[in-house]
Amino acid sequence: MAKEYTADTIAKWFLTRSSMSPKKLQKMIYYAYSWVLTLMNDNSSDLKNKLFDDEFEAWVHGPVIRSIYAKYADYGYRDIEEYLGKKSPEVSADIKDILEQVKDVYGGYTADELESMTHQETPWKNARNGYSPIELCQKKISDRDIYDCYIQRVA
């Protein structure tokens with residue numbers, strides 16, 4: 001699968017459907033990435049089918065894509081509403097189906113609940129191994145860890 005999307009495209013896809021804080025947006029993008037990685041690859045040794053090339057870092061408040069953080073940082077804890085009701089970015093039918101499922105499963109949670117969920121999962125925990133809960137960490141979250149964590153839920 002060619003990586004025809006960026007994290008920003010997926011962020012806008014979610015933001016055309018619902019306003020949310022930057023923290024919640026990060027987690028929604030993370031789960032969308034995780035689901036695509038898990039559902040569109042056959043095993044963890046050949047993870048070529050990805051939603052986008054941007055990488056997640058294991059920050060204190062959970063998985064974060066630095067460019068998305070920078071773009072929406074001025075919102076702080078306030079909801080991002082600028083895209084609500086506007087034309088959604090075009091995505092393939094398969095990707096749209098996955099994004100809709102992610103929205104349905106995770107959209108009802110608060111940003112803090114989603115943060116708590118990611119903190120209990122191995123991809124974030126593995127990347128933060130050796131760091132205190134409040135220590136700055138910019139380690140990348142491994143695609144293999146993401147796949148291995150979520151494939152257990154669909155197998």
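- The side-chain contact (heavy atoms from CB on, under 4.5 Å) test with M28 singles out one residue from L114, L15, I10, L99, and that residue is L114.
- Linking ILVMFWY side-chain heavy atoms closer than 4.5 Å, directly or via other members, places L84 and I80 in two distinct hydrophobic clusters.
- For E113 (side chain) and T110 (main-chain N/O), a donor-acceptor pair under 3.5 Å exists by modelled atom type.
- Judged by distance alone, with hydrogens and angles left aside, the side-chain atoms of Q26 form no donor-acceptor pair with the main-chain N or O of P22 at under 3.5 Å.
- Separation of atoms OG (S34) and CD1 (I146) is listed at 4.5 Å; rounding is to 0.5 Å.
- Judged as a salt bridge (charged side-chain N to carboxylate O under 4.0 Å, His left out), the pairs with a partner in residues 17-28 (not counting sequence neighbours) are, in order, R17-E100, K23-D112, K23-E115.
- The shortest heavy-atom contact between V60 and P133 is CG1-O, 3.4 Å.
- Between T118 and W124, the shortest heavy-atom contact is O-CB, 3.4 Å.
- Inter-residue side-chain proximity for L47 and L37 is flagged as met; some heavy-atom pair is nearer than 4.5 Å.
- Residue L25 comes nearest to I68 through the heavy atom pair CD2-CG2, 4.2 Å, listed as atom of the first residue, atom of the second, then distance.
- Under a hydrophobic clustering in which Ile, Leu, Val, Met, Phe, Trp and Tyr are joined whenever their side-chain heavy atoms come within less than 4.5 Å, directly or via other members, I29 and L39 fall into the same cluster.
- Side-chain contact between R144 and D148: present, with at least one pair of heavy atoms (C-beta onward) separated by less than 4.5 Å.
- For the atom pair CD1 (I151) and OG (S44), the distance works out to 9.0 Å, reported to the nearest 0.5 Å.
- A distance-only check finds no donor-acceptor pair linking the side chain of D54 to the backbone of I65 [under 3.5 Å].
- Residues passing the ring-ring contact (aromatic ring centres under 6.0 Å, His included) test with Y131, sequence neighbours excluded: none.
- Minimum interatomic distance between A32 and I98 (heavy atoms only, all atoms of both residues): O-CG2, 4.5 Å.
- A donor-acceptor pair is defined here as one N or O able to donate and one able to accept, closer than 3.5 Å; no such pair exists between the side chain of N41 and the backbone of N43.
- The structure places CD1 of I141 at 9.5 Å from CZ of R128, a figure rounded to the nearest 0.5 Å.
- Considering OG1 of T16 and OH of Y83, their distance stands at 10.5 Å, rounded to 0.5 Å.
- Between Y33 and F52, the angle of the ring planes lies from 30° to 60°, which puts this pair in the tilted group.
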### Task
Please step through salt bridge (Lys or Arg N to Asp or Glu O under 4.0 Å) for the pair D94 and K96, ending with a clear verdict.
CA-CA 5 Å; D94 287 343; K96 182 178 180 186; over 6 Å; no
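- Ring orientation note: the planes of Y150 and Y30 are nearly perpendicular, at an angle over 60° on the 30°/60° scale.
- Judged purely by distance below 3.5 Å, without hydrogens or angles, the side chains of Y5 and E90 never pair a donor atom with an acceptor atom.
- If you take CG on L51 and CE on M40, they are separated by 9.5 Å, rounding to the nearest 0.5 Å.
- Atom CZ of F56 is separated from atom CZ of R66 by 13.5 Å, given to the nearest 0.5 angstrom.
- Of all heavy-atom pairs spanning C137 and A127, the tightest one is SG-O, 4.0 Å.
- Under the 3.5 Å distance criterion, the side-chain polar atoms of T38 are left unmatched by any main-chain donor or acceptor of W35.
- When all heavy atoms of W13 and V91 are compared, the closest pair comes out as NE1-CG2, 4.0 Å.
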